[in-house]
Amino acid sequence: MKKVLLLIFTLFFFISPIQAQILTGEVNFNEENYISEVKTDFIKNYYFDKNNKENANTLKAGIKEFKDRTVFNFSDGSYGIKYYDDPLYSWYYSEDGKLINFTKRESEKYPCKTVKYKPNGSIANIGYLVSQKESYIYSPNGKLIAHWLNQFCYDKYGNIIMTRSEVPD
């Protein structure tokens, strides 16, 4: 009986209760450094996904790998494409293949910064990729918007706001 009581006391004393935490954070960012990087002629080539039908059909069939690209879908119906010949960019499209936004990474290695641009070249948000499975998204003024962990995207209160089919490289 003493051993059982000692075990219960030890477990109670050393195991802390589980608690939820609200994510907070900011990032310092100079928008001028990134606006000059995007050329509108470059973006025009991606305004519409030329493989929209093929990408939509293969995503429905569960196929995500092609010889030249990886495709991944999101719970809101949009999808993303990462081309192997230009791995620093990811392109995000609506279901009908219209460009929603695109992301440019600073490096293929982790950790690294990303900048997400709107089709007009303005900045939508800034990200920090901790690893392939985890990233933080900030508004252009530096406030935390979301936290991706594996295939789930959480708001600053810990609520799931979006999912993706898999974690892109």
Side-chain angles (χ1 to χ4, degrees), residues 15-29 31 34 38 43 46 48-49 51-84 86-169:
I15 297 177
S16 62
I18 297 174
Q19 57 186 345
Q21 293 183 350
I22 295 176
L23 290 173
T24 59
E26 291 187 16
V27 65
N28 289 324
F29 172 72
E31 191 170 352
Y34 294 94
V38 180
I43 301 169
Y46 297 93
F48 186 77
D49 175 19
N51 299 308
N52 174 257
K53 299 268 189 242
E54 180 183 20
N55 288 334
N57 291 335
T58 55
L59 280 170
K60 287 177 186 174
I63 300 168
K64 296 173 178 47
E65 295 289 326
F66 294 86
K67 65 179 179 177
D68 64 338
R69 66 193 182 278
T70 298
V71 181
F72 41 96
N73 57 340
F74 297 95
S75 58
D76 67 354
S78 64
Y79 64 97
I81 301 173
K82 185 175 177 182
Y83 293 97
Y84 299 137
D86 200 357
L88 295 181
Y89 285 90
S90 295
W91 302 91
Y92 302 93
Y93 295 96
S94 62
E95 287 181 87
D96 60 357
K98 292 179 183 169
L99 183 65
I100 299 170
N101 50 49
F102 63 98
T103 303
K104 182 176 185 216
R105 294 173 63 150
E106 286 188 339
S107 169
E108 287 188 74
K109 296 182 181 178
Y110 298 99
C112 76
K113 285 185 195 177
T114 65
V115 179
K116 184 172 273 187
Y117 297 93
K118 298 174 186 174
N120 67 5
S122 65
I123 295 174
N125 62 52
I126 298 93
Y128 186 72
L129 302 177
V130 177
S131 69
Q132 181 180 351
K133 296 182 179 200
E134 184 172 21
S135 63
Y136 293 88
I137 310 299
Y138 298 91
S139 67
N141 66 359
K143 302 291 183 197
L144 180 68
I145 297 172
H147 174 214
W148 278 101
L149 187 58
N150 297 313
Q151 72 269 25
F152 300 105
C153 184
Y154 301 90
D155 66 12
K156 64 182 179 179
Y157 302 107
N159 301 309
I160 296 175
I161 56 175
M162 184 179 275
T163 62
R164 59 186 168 204
S165 59
E166 65 180 43
V167 180
D169 290 334

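Just the heavy atoms: all of them, side chains too, but no hydrogens, waters or symmetry mates, feed the values below. Along the sequence shown, residues are numbered consecutively beginning with 1.
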**OP:** Start with the C-alpha gap between N52 and D96, add the side-chain angles, then the distance that decides, and say whether side-chain hydrogen bond (donor to acceptor under 3.5 Å, both in side chains) holds.
**Re:** CA-CA 7 Å; N52 174 257; D96 60 357; over 6 Å; no
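- Not one N or O on the side chain of N150 forms a donor-acceptor pair closer than 3.5 Å with the backbone of F152.
- Across all their heavy atoms, K98 and F48 have their closest contact at N-CD1, 4.1 Å.
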Subject >> Step-by-step side chain to side chain contact (heavy atoms under 4.5 Å, CB included) determination, Y92 to I81 >> reply: CA-CA 6 Å; Y92 302 93; I81 301 173; over 6 Å; no
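- For the atom pair OG (S78) and CG (L99), the distance works out to 11.5 Å, reported to the nearest 0.5 Å.
- Under the 3.5 Å distance criterion, the side-chain polar atoms of D155 are matched with a main-chain donor or acceptor of N159.
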Original post:
So F74 and F72, ring pair (Phe, Tyr, Trp, His ring centres under 6.0 Å) or not? Walk me through it.
Top reply: CA-CA 7 Å; F74 297 95; F72 41 96; 5.8 Å; yes
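- Rounded to the nearest 0.5 Å, atoms OG1 (T70) and OH (Y83) are 11.0 Å apart.
- In terms of heavy atoms, F102 sits closest to K118 at CE2-O, 3.7 Å.
- Judged by distance alone, the side chain of T114 and the main-chain N or O of R105 form no donor-acceptor pair under 3.5 Å.
- Under a 3.5 Å cut-off, the side chain of T58 and the backbone N or O of E54 do form a donor-acceptor pair.
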**OP:** Using the side-chain hydrogen bond (donor to acceptor under 3.5 Å, both in side chains) rule, take Y136 and E134 through it: C-alpha gap first, then chi angles, then the decisive distance, then the call.
**Re:** CA-CA 7 Å; Y136 293 88; E134 184 172 21; 3.1 Å; yes
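- Nearest heavy atoms, N125 versus P140: CA-CD, 4.3 Å.
- A cation-pi arrangement is not found for K113 relative to Y138, the charged atom failing to lie both closer than 6.0 Å to the ring centre and inside a 45° cone about the ring normal.
- To the nearest 0.5 angstrom, D76 atom CG is 10.5 Å from I161 atom CD1.
- Checked against side chain to side chain donor-acceptor pair (under 3.5 Å), Y128 has no partners two or more places apart in sequence or in another chain.
- With rounding to the nearest 0.5 Å, the separation of OG1 in T103 from NZ in K82 is 10.5 Å.
- Pairing each heavy atom of K64 with each of N73, the nearest pair is CE-OD1, 4.3 Å.
- Separation of the Y89 and W91 ring centroids falls under the 6.0 Å cut-off.
- At least one donor-acceptor pair under 3.5 Å links the side chain of Y93 to the backbone N or O of Y46.
- Taking the ring centre of Y79 as origin, the terminal cationic atom of R164 falls outside the region bounded by 6.0 Å and 45° from the ring axis.
- Taken from CG in L129 to SG in C112, the straight-line distance is 4.5 Å, to the nearest 0.5 Å.
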Original post:
How far apart are the C-alpha atoms of H147 and I137, what are their side-chain angles, what is the distance that settles it, and do they pass the side chain to side chain contact (heavy atoms under 4.5 Å, CB included) test?
Top reply: CA-CA 6 Å; H147 174 214; I137 310 299; over 6 Å; no
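- For the atom pair E95 CD and L59 CG, the distance stands at 10.5 Å (nearest 0.5 Å).
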